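Structure, as structure tokens:
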Amino acid sequence: MKKVNKICCIGAGYVGGPTMSVIASQCPEITVTVVDINQARIDQWNDTDLDNLPVYEPGLKEIVEKTRGKNLFFSTEVDKAIDEAEIIFISVNTPTKTYGKGKGQAADLKYVELCARNIARVAKTDKIVVEKSTLPVRTASAIKSILENTGNGVNFEILSNPEFLAEGTAIDDLLKADRVLIGGDDTPSGQEAKDTLSAIYEHWLPKERILQTNVWSSELSKLVANAFLAQRVSSINAISALCERTDANVAEVSRAIGTDSRIGAKFLNASVGFGGSCFQKDILNLVYISRSFGLTEVADYWEQVIIMNDYQKRRFAENIISTLYNTVSGKKIVFFGWAFKKDTNDTRESAAINVADALLEEKAEIVVYDPKVSEKQIYADLDYLDTRSPEENRELLTVVKDPMEAVQDAHAIAILTEWDEFKTYSWESIFEKMLKPAFVFDGRRLLSKEKMEEIGFQYYKIGQS
Ligand code: UDX
Ligand code: UDX
């Protein structure tokens with residue numbers, strides 16, 4: 001096994017930042033450098049005010065405070081970091097392609113390929129290259145071929161080490177991981193590389209939780225794990241629609257089925273729809289590779305998870321419109337939450353974006369309050385859809401910092417993210433401030449129907465008639 005002194009990670013995002021911070025804190029003898037081409041992002045990671053870190057994640061700033069400048073560094077000097085490191089993690093983003101072959105489904109690997117070419121150009125000593133980004137199956141072999149054909153004759157071992165952390169609980173997930181997956185070649189040098197990476201995780205995790213597989217199994221397992229999780233959410237969301245038409249209550253159904261140990265209780269919360277950077281993208285990848293191997297039924301099966309999710313978001317928006325007497329034009333609708341889930345400032349694929357878009361098409365006036373998401377990000381999310389001009393988006397939707405100011409004279413409130421603070425609000429005073437009848441559409445099943453109705457609200461909760 002190789003002795004590791006220096007690690008580098010290319011990509012200082014939601015995955016690279018927290019993962020490397022935890023490795024640095026658990027491996028004090030290893031110097032960890034996180035590099036990124038985005039200077040602004042690196043400046044934020046180096047900001048003396050730890051509240052300005054680019055990623056909000058409970059417990060993160062405490063770890064960064066302890067390790068930054070000691071054995072954790074953030075920098076834009078990509079080449080230098082590559083040159084010095086024995087292990088290089090690739091953790092750049094892999095968005096769904098918006099052009100060409102595989103548009104709308106396949107992952108765009110251009111950043112990963114750029115990284116590989118850069119490593120090939122710079123490396124003068126043997127390296128272990130670890131793919132941390134979620135990638136479609138076979139990417140490791142693409143990286144390998146780039147490195148082997150363009151490198152300076154040094155030896156590269158490519159490992160797949162997918163990240164299973166969930167945002168909002170990233171630090172805990174990293175420290176108490178159910179498992180770590182390391183895929184690599186079964187050759188002697190491949191085995192040595194797997195053991196070298198394994199030794200890093202063994203600083204804080206028991207050895208039996210570190211699973212070694214071949215590269216393909218590792219790459220595919222990441223997609224499948226997310227597909228299974230998303231499938232559970234889509235399954236319960238499908239049932240939520242049925243519950244609303246009958247006297248069944250989705251919370252009771254979840255509990256009843258979740259206590260079956262074969263099913264289990266987790267990921268059975270009905271919601272306005274799942275979001276996040278991974279679920280949709282990974283399932284689309286699974287669909288894409290299945291189709292490309294001619295496995296139409298397999299592709300259709302998994303695609304239905306996405307179709308169900310789109311339906312759930314659309315259904316929520318349509319219910320708001322029909323309940324508000326079939327017109328929301330000029331009506332003030334307040335969004336509580338914009339992030340794709342609580343305890344993160346990440347908004348990628350958040351259900352709020354599509355719900356807002358549908359309501360804006362009907363000329364609603366939306367006022368957004370989210371405790372952690374910036375105004376800039378909210379407009380960027382909307383503008384990205386390209387449904388209307390940026391000017392129109394700014395005219396119809398405003399972002400506020402005070403939830404109580406937002407609800408003044410509002411027709412309705414829609415809860416899009418399950419932030420804990422929403423539960424602690426004085427809903428009596430919110431009711432006073434709103435126009436009557438005062439509507440609340442709870443997309444996260446956060447509040448008590450009885451209490452809300454007692455106050456006087458017209459209250460709708462996903463999955464309950
Ligand atoms: C991760 C994974 O990498 C992705 O595959 C997974 O599906 C979602 O989570 P994440 O860390 O969330 O991505 O992405 P992001 O926060 O966008 O961070 C990626 C960083 O890589 C950005 O800061 C970007 O500037 C940087 N980058 C990108 C480079 O440094 N070099 C490049 O060539 C491209
Ligand atoms: C996910 C995986 O959990 C993680 O292992 C992987 O590495 C990255 O993708 P993340 O996207 O951060 O993590 O969030 P997750 O907690 O899985 O939630 C995804 C979405 O599903 C959120 O929008 C969440 O609100 C929604 N969800 C989750 C539900 O609607 N109901 C549930 O019961 C659980």
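Just so you know, residue 1 is the first one in the sequence shown, and it goes up from there. Since this is a predicted model, take the numbers as computed values, not measurements. As the structure lists them, so they are numbered: ligands from 1, and atoms in each ligand from 1.
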For [atom], what is the nearest protein heavy atom, given as residue, atom name and distance?
atom	result
atom 21 (O) of ligand 1	G11 CA, 3.3 Å
atom 2 (C) of ligand 2	N226 OD1, 3.3 Å
atom 1 (C) of ligand 2	F279 CE1, 3.5 Å
atom 12 (O) of ligand 2	E167 N, 2.6 Å
atom 30 (O) of ligand 1	I37 N, 3.1 Å
atom 5 (O) of ligand 1	T134 N, 2.8 Å
atom 33 (O) of ligand 2	N269 N, 2.9 Å
atom 28 (C) of ligand 1	N93 OD1, 3.4 Å
atom 9 (O) of ligand 1	V15 CG2, 3.3 Å
atom 26 (C) of ligand 2	F274 CB, 3.8 Å
atom 8 (C) of ligand 2	C278 SG, 3.5 Å
atom 22 (C) of ligand 1	R41 NH1, 3.1 Å
atom 27 (N) of ligand 2	V233 CG2, 3.9 Å
atom 3 (O) of ligand 2	L229 CD1, 3.7 Å
atom 20 (C) of ligand 1	D36 OD2, 3.5 Å

What are the atoms of ligand 2, with element, lying closer than 4.0 Å to any heavy atom of [X]?
X	answer
S271	29 (C), 30 (O)
A166	3 (O), 12 (O), 13 (O), 16 (O)
E163	7 (O)
L268	33 (O)
K222	6 (C), 7 (O)

Quick one: does [X] get an N or O within less than 3.5 Å of an N or O on ligand 2?
X	value
K341	yes
G275	yes
F164	yes
L165	yes

Is ligand 1 under 4.0 Å from a heavy atom in the side chain of [X], in the backbone, in both, or in neither?
X	answer
R348	side chain
S133	both
K281	side chain

(request) Please say which of I146, I10, I143 ends up in a side chain to side chain contact (heavy atoms under 4.5 Å, CB included) with V112. (result)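 When side chain to side chain contact (heavy atoms under 4.5 Å, CB included) is applied between V112 and each of I146, I10, I143, only I143 qualifies.
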(message) Looking at K80 and D83, is any side-chain nitrogen of the basic one under 4.0 Å from a carboxylate oxygen of the acidic one?
(response)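 No, D83 and K80 are not salt-bridged.
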(request) Determine, for E65 against K61, whether the closest basic-nitrogen to carboxylate-oxygen distance falls under 4.0 angstrom. (result) no
Determine whether the side chains of [X] and [Y] contain a donor N or O and an acceptor N or O closer than 3.5 Å.
X	Y	answer
R41	Q44	no
E57	Y14	no
Y459	D442	yes

(message) In the structure I gave you, are the side-chain heavy atoms of W338 and V399 within less than 4.5 Å of one another anywhere?
(response)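 No, too far: nothing below the 4.5 Å cut-off.
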(request) Test L220 against L286 for side-chain contact (heavy atoms from CB on, under 4.5 Å), laying out the working first. (result) CA-CA 8 Å; L220 186 58; L286 195 59; 3.9 Å; yes
(request) May I ask you to check whether F228 and W302 place their ring centres under 6.0 Å from each other? (result)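 Yes, the ring of W302 comes within the 6.0 Å limit of the ring of F228, centre to centre.
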(message) E167 and salt bridge (Lys or Arg N to Asp or Glu O under 4.0 Å): which single residue from K342, K341, R348 fits?
(response)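 Passing option: R348.
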(request) Nearest heavy atom to atom 24 (C) of ligand 2 wins, so pick from K342, R444, E418. (result) R444
(request) Test the K132-F89 pair against the cation-pi criterion, namely NZ or CZ under 6.0 angstrom from the six-membered ring centroid and within 45° of the ring axis. (result)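 Output no; distance or angle outside limits.
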(message) Looking at F164, I'd like to know if the NZ or CZ of R179 sits under 6.0 Å from its six-membered ring centre while staying within 45 degrees of the ring's axis.
(response)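 Yes, R179 lies over the aromatic ring of F164.
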(message) Please verify the inter-ring angle class for F441 with Y460; under 30° counts as parallel, over 60° as perpendicular, anything in between as tilted.
(response)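 Rings of F441 and Y460: tilted, 30 to 60°.
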